[in-house]
Amino acid sequence: QVQLVESGGGLVQAGGSLRLSCAASGRTFSTSAIGWFRQAPGKEREFVAGISWTGGSIVYAESVKGRFTISRDNAKATAYLQMNSLKPEDTSLYYCAAQRASWATLKAADYDYWGQGTQVTVSS
């Protein structure tokens with residue numbers, strides 16, 4: 001069992017930065033792949049970034065590639081999403097999720113545990 005709590009969201013102007021954190025409790029964090037997803041009102045949940053349990057394999061959605069960086073610290077049982085050059089279209093509720101697998105996949109249905117989300121709002 002893994003419990004996830006996101007933090008770090010907020011209101012930022014376009015071009016600004018935020019760093020999201022995902023703190024996990026439970027023994028299996030270090031052997032779980034982690035994904036970040038986002039969901040805007042009226043839209044489907046979409047994959048943002050994923051990282052393997054070792055941190056050696058990372059994948060990004062095309063829309064955030066070059067602007068966002070995912071990382072993890074297994075000793076602290078925490079994952080991060082550094083978001084730079086934010087755009088108004090990045091406004092969304094951001095979730096972290098964990099799956100009992102070595103590699104992060106892009107499908108939300110593959111993930112076993114979810115946090116409650118943290119709101120990111122980017123003003124123009």
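These figures come from a predicted structure and were not determined experimentally.
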Next on the checklist: Hydrophobic clustering (ILVMFWY, side-chain heavy atoms < 4.5 Å, transitive) - are F29 and I58 grouped together?
Outcome noted: yes
Item to check | side-chain contact (heavy atoms from CB on, under 4.5 Å) between L20 and M83, worked out | outcome: CA-CA 8 Å; L20 306 184; M83 305 187 297; 3.8 Å; yes
Checklist entry - In terms of hydrophobic clustering (I, L, V, M, F, W, Y; side-chain heavy atoms under 4.5 Å; direct or indirect links), are W114 and F47 co-clustered? => result yes
Checklist entry - In Å and rounded to the nearest 0.5 Å, what is the CD1 to CG distance from I34 to L81? => result 12.0 Å
Checklist outcome for this item: E46 meets the side chain to side chain donor-acceptor pair (under 3.5 Å) criterion, sequence neighbours left out, with R38
Checklist outcome for this item: Smallest heavy-atom separation, Y95 atom then G115 atom, equals CD2-O, 3.5 Å
Checklist outcome for this item: All heavy atoms of A104 vs all of A33, minimum pair found to be N-CB, 3.5 Å
Checklist entry - Looking only at heavy atoms, what is the nearest atom pair of K43 and Q39, with distance? => result O-NE2, 3.1 Å
Checklist entry - Out of curiosity, R72 CZ to S30 OG, how far, rounded to the nearest 0.5 Å? => result 7.5 Å
Checklist entry - Distance under 6.0 Å and angle within 45° of the ring axis: does R67 meet both against Y60? => result no
Checklist entry - Which of parallel (below 30°), tilted (30 to 60°) and perpendicular (above 60°) describes F68 and Y94? => result tilted
Item to check | Chi angles and distances behind the side-chain contact (heavy atoms from CB on, under 4.5 Å) call for S7, T118 | outcome: CA-CA 6 Å; S7 62; T118 185; 5.6 Å; no
Next on the checklist: Whether the side chain of T91 engages the backbone of V122 through a donor-acceptor N/O pair (distance < 3.5 Å, no angle test) should be reported.
Outcome noted: yes
Checklist entry - Do the side chain of S52 and the main chain of W103 share a donor and acceptor less than 3.5 angstrom apart? => result no
Item to check | Interatomic distance, T78 atom OG1 to L4 atom CG [nearest 0.5 angstrom] | outcome: 10.0 Å
Item to check | Check: N74 side chain, T54 main-chain N or O, donor-acceptor pair, under 3.5 Å | outcome: no
Checklist entry - So, the side chain of R100 versus the backbone of T28: is there a donor-acceptor pair under 3.5 Å, distance only? => result no
Checklist entry - Measuring from K87:NZ to S124:OG, what's the distance to the nearest 0.5 Å? => result 14.0 Å
Item to check | Distance in Å, D73 CG paired with Y80 OH, rounded so as to fall on 0.5 Å steps | outcome: 5.0 Å
Item to check | Nearest heavy-atom neighbours spanning Q99 and D112 | outcome: CA-OD2, 3.3 Å
Checklist entry - Just by modelled atom types, is the C96 backbone N or O under 3.5 Å from a matching donor or acceptor in the E6 side chain? => result yes
Checklist entry - Is the CD atom of E89 crowded by more than 12 outside heavy atoms at less than 6.0 Å? => result yes
Checklist entry - What are the two closest heavy atoms between P88 and A14, and how far apart are they? => result CD-CB, 4.1 Å
Checklist entry - Would W36 and I51 satisfy side-chain contact (heavy atoms from CB on, under 4.5 Å), going step by step from the backbone distance to the final call? => result CA-CA 9 Å; W36 284 95; I51 186 168; over 6 Å; no
Checklist entry - When rounded to the nearest 0.5 angstrom, what distance separates NZ in K107 from CZ in R45? => result 15.5 Å
Next on the checklist: Please verify the inter-ring angle class for Y111 with F37; under 30° counts as parallel, over 60° as perpendicular, anything in between as tilted.
Outcome noted: perpendicular
Checklist entry - For the residue pair V2 and A24, what are the closest heavy atoms and their distance? => result CG1-CB, 4.1 Å
